Chemist: 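Just passing along the structure, written as structure tokens.
Hydrogens, waters and symmetry mates play no part in the numbers below; they use all other heavy atoms, side chains included. All of these numbers come straight from a predicted model, not from anything done at the bench.
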Amino acid sequence: MSQPPAPVSFGILTAPQYVSYDEILDIWLAADAIPRIEHAWLSDHLMTPTGEGPTYESWTLLSALAAQTHRLQLGVLVTSNRFRPPAVLAKIAATVDIISRGRLILGIGVGSRPGHPLAGREYEAHGLAFHDSRDAVDALSEGLTVIRRLWTETEPFDFDGAHIHLTGALGDPKPLQRPHLPVLVGGRSAPVLRLAARHADLWNIVGDDMEVAAARSASLSDACTEIGRDPATITRSMLVPLGSYDKPEITRDAIGRAIDAGFNHIVLALPNPYPKGAAQWVADELIAAHTE
């Protein structure tokens, strides 16, 4: 007998760029009071595409939002593994999970694609290395291994990899969620999909091409099967950009196609400036049609 389809959860993403802290806080507090919105996310950049205008550091901002919300699952979609040493990120994430009382999902990826407009610029501007994609995938694989060990192991350990070298590493305190935080891996390349098959509890892709997204999801299932993992144990997540507040039917249609393609964790990327009552508008105009 086939299993019934998994329920669909909906969340919002507010990019911490070209916007004030109070504007983001207001929409998160409103969303926290709306049951149809189950999770909320920030993106992870260190500067705007033009290099002008405010860009807040995502994990610092997330910590503040975690302290002031009570229900929403929350995270960064997705953290660049190139920005913070993985052992430091493990400590940051454990701290935020405790502050949130166990609501954090660790969203992580290799970092900007080489063709992305910000790919070199924001790394160079902050003194960060920007290596090729293969190097970045290998580094993320090591990073996720180290992060999980820091969250779960109770004795100090050494790690000597190609990218990470730790001596006497110990994660304390541990995250509240046990045995460890849920991990969301974002990306679409074949190497990232193989990595997600090994490490991810959720996998996210940007829904700019539904046929490509469905094909990548099938490839992820194949990668799981190759290593003996049940593909159904990885939640399929999609970031759906909201093109316009004036034409909700376009986004409603995109959500429907994402669900039909097997994605049951939908994150709606909200452009700013946010209209008054934006969170309730999202619930009424975009989510309600797919939950009633």
Chemist: Is any side-chain heavy atom of Ser237 closer than 4.5 Å to one of Val267?
Modeler: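 Yes. Closest side-chain heavy atoms under 4.5 Å.
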
Chemist: Other residues, nucleotides and ligands only: do more than 12 of their heavy atoms fall within 6.0 Å of CZ on Arg229?
Modeler: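 Result for CZ/Arg229: enclosed.
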
Chemist: Do the side chains of His265 and Met238 get nearer than 4.5 Å, heavy atoms only?
Modeler: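 Of all side-chain heavy-atom pairs linking His265 with Met238, none is under 4.5 Å.
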
Chemist: If the threshold is 4.0 Å, N to carboxylate O, is there a salt bridge linking Asp208 and Arg188?
Modeler: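 The answer is yes: the pair qualifies as a salt bridge.
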
Chemist: Relative to the ring of Tyr123, is the ring of Phe83 parallel (under 30°), tilted (30 to 60°) or perpendicular (over 60°)?
Modeler: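 Plane angle between 30° and 60°, so tilted.
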
Chemist: Taking side chain as C-beta onward, heavy atoms only, is His290 less than 4.5 Å from Phe10?
Modeler: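 When only atoms from C-beta onward are counted, Phe10 and His290 do touch, with a gap below 4.5 Å.
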
Chemist: Is there a donor-acceptor contact under 3.5 Å linking the side chains of His45 and Gln17?
Modeler: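 No donor-acceptor contact under 3.5 Å links the two side chains.
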
Chemist: What I want to find out is whether Arg71 reaches Glu38 closely enough, with some N-O distance under 4.0 Å, to be called a salt bridge.
Modeler: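 A salt bridge is absent here (no side-chain N lies under 4.0 Å from a carboxylate O).
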
Chemist: Is a donor on one side and an acceptor on the other found under 3.5 Å between the side chain of Lys91 and the backbone of Asp172?
Modeler: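 Yes; judged by distance alone, with no hydrogens or angles, the pair exists.
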
Chemist: Is there a side chain to side chain donor-acceptor pair (under 3.5 Å) between Thr79 and Trp59 once you walk through the steps?
Modeler: CA-CA 9 Å; Thr79 307; Trp59 280 91; 3.1 Å; yes

Chemist: Might you work through the salt bridge (Lys or Arg N to Asp or Glu O under 4.0 Å) test for Glu285 and Arg252, ending with a clear yes or no?
Modeler: CA-CA 8 Å; Glu285 296 292 334; Arg252 283 197 298 267; 3.5 Å; yes

Chemist: Do side-chain atoms of Arg82 reach the backbone of Leu128 as a donor and acceptor pair under 3.5 angstrom?
Modeler: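 Pair absent, no side-chain N/O of Arg82 close to backbone of Leu128.
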
Chemist: Would a distance-only check, ignoring hydrogens and angles, find a side-chain to backbone donor-acceptor pair under 3.5 Å from Thr60 to Tyr56?
Modeler: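 It does not hold such a pair.
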
Chemist: What I want to check is whether the side chains of Asp97 and Gln177 have a donor and an acceptor closer together than 3.5 Å.
Modeler: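 Distance-only check passes for Asp97 and Gln177.
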
Chemist: Apply the test salt bridge (Lys or Arg N to Asp or Glu O under 4.0 Å) to residues Glu57 and Arg84: give CA-CA distance (whole Å), side-chain angles for both, the deciding distance (0.1 Å), then the verdict.
Modeler: CA-CA 11 Å; Glu57 198 284 318; Arg84 306 162 191 87; 2.6 Å; yes

Chemist: If we ignore angles and hydrogens, is there a donor and acceptor under 3.5 Å between the side chains of Asp32 and Thr69?
Modeler: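 Not at all, the side chains of Asp32 and Thr69 share no donor-acceptor pair under 3.5 Å.
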
Chemist: Just by distance, with hydrogens left out, do Glu142 and Thr145 show a side-chain donor and acceptor under 3.5 Å apart?
Modeler: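 Result is no, nothing qualifies.
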
Chemist: Mind telling me whether Phe263 and Trp203 have parallel, tilted or perpendicular rings, with 30° and 60° as the class edges?
Modeler: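 Because their plane-to-plane angle lies in the 30° to 60° range, the rings of Trp203 and Phe263 count as tilted.
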
